[in-house]
Amino acid sequence: FAQTAPAAPESTLGYNVGVVSEYRYRGLAQTKGDPALQGGVDYTDASGFYLGAWGSTIKWIKDAGSNATGPVEIDLYGGYKFEAAGLAYDVGYLRYQYQGNTYNKVAGAVNANTDEVYGAATYGVTTLKYSYSMSDLFGFANSKGSTYWDLSATFDLGDGYSLVPHAGRQAIKGTPASSYTDIALTLNKDLGDGLVASLSAISTNG
């Protein structure tokens, strides 16, 4: 019999844009109950390397008071995905750039810009991800070395539906009382033509 070789991976360039009723990140509100406009671009090389940028409107820096400003979050990231021993891996770097932010005007806070490295492993439908801050974390002073554990799964329900449970733990170095846990349950519906609708229930003790 003749065996067909698997198709070689292709390089891709993708774009995304979305509107959410409220932007939450790691369980915490970023827009104080207001909608957010979001969008991004991703390039994935056939070798497994990728680069991307993503942005969203935010309000949490302005809402902190003391004349602090910073209406936009821009995430710049790059990494490498590969498979070994039956697991899919993803390692990379992520820069949270709060363009022009003056969060350091808030008493006890520093500039909100944050640098993280991360590693993730996926087995079947389950993914475990670990993030480590190489800088102060989101404006917390002396918080370099903070960590975030993210455990999630993606269940295909058929007919374009998927269900994604998530649990996360944010440990903030230097301010352990501010550490917290978040959980979420998200239902996605693929509407076709590149459109996706999502509904999430989110809770946190943060």
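Atom set for the values below is all heavy atoms of this structure, side chains included, hydrogens, waters and symmetry mates excluded. Predicted model only: the values in this text are computed from it and were never measured.
Sorted by first and then second residue, the ring pair (Phe, Tyr, Trp, His ring centres under 6.0 Å) pairs with a member in residues 100-130 read Trp60-Tyr103, Tyr130-Trp149; sequence neighbours excluded. Evaluation of the side-chain hydrogen bond (donor to acceptor under 3.5 Å, both in side chains) test over residues 134-145, restricted to residues two or more places apart or in two chains, returns none.
The salt bridge (Lys or Arg N to Asp or Glu O under 4.0 Å) test applied to Lys81 returns no partner, not counting sequence neighbours. Partners of Ala53 under the side-chain contact (heavy atoms from CB on, under 4.5 Å) rule, at least two apart in sequence or in another chain, are Val41, Leu76. For Thr175, the side-chain contact (heavy atoms from CB on, under 4.5 Å) partners are Phe140, Ile172, Ser178, not counting sequence neighbours. Legend: residues meeting ring-ring contact (aromatic ring centres under 6.0 Å, His included) with Tyr89, ordered by chain and number and at least two apart, are Phe82. Asp34 meets the salt bridge (Lys or Arg N to Asp or Glu O under 4.0 Å) test with Lys59; sequence neighbours excluded. In this structure Ser56 satisfies the side-chain contact (heavy atoms from CB on, under 4.5 Å) test together with Tyr23, Ala36, Gln38, Trp54, sequence neighbours excluded. The ring-ring contact (aromatic ring centres under 6.0 Å, His included) search around Phe49 returns Tyr80, not counting sequence neighbours. In terms of the ring-ring contact (aromatic ring centres under 6.0 Å, His included) criterion, residue partners of Tyr25 (sequence neighbours excluded) are, by chain and number, Tyr96.
Side-chain N/O atoms of Tyr50 and Asp42 include no donor and acceptor closer than 3.5 Å.
The CG atom of Leu51 lies 12.0 Å from the OH atom of Tyr93; values are rounded to the nearest 0.5 Å. Here the straight-line distance linking atom OG1 of Thr31 with atom NZ of Lys62 works out to 13.0 Å at 0.5 Å rounding.
Within the 3.5 Å criterion, the main-chain N or O of Leu28 finds a donor-acceptor partner in the side chain of Gln30.
Between Arg26 and Glu116 there is a salt bridge, with a side-chain nitrogen of the basic residue lying less than 4.0 Å from a carboxylate oxygen of the acidic one.
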Please tabulate, for side-chain N and O atoms in residues 181-190, each donor-acceptor pair with protein atoms closer than 3.5 Å (sequence neighbours left out).
from, atom 1, to, atom 2, distance (Å)
Thr181, OG1, Arg169, NH1, 3.0
Asp182, OD1, Tyr148, OH, 2.7
Asp182, OD2, Tyr148, OH, 3.4
Asp182, OD2, His166, NE2, 2.6
Thr186, OG1, Ser200, OG, 2.7
Asn188, OD1, Ser198, OG, 2.5
Asn188, ND2, Ser162, OG, 3.4
Lys189, NZ, Asp159, O, 2.4
Asp190, OD1, Gly192, N, 2.9

Compile the donor-acceptor pairs under 3.5 Å between side chains in residues 104-112 and protein atoms, sequence neighbours left out, one pair per line.
from, atom 1, to, atom 2, distance (Å)
Asn111, OD1, Asn101, ND2, 3.1
Asn111, OD1, Asn113, N, 2.9
Asn111, OD1, Asn113, ND2, 3.2

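Between Arg24 and Gly27 the shortest heavy-atom distance is NH1-O, 3.2 Å.
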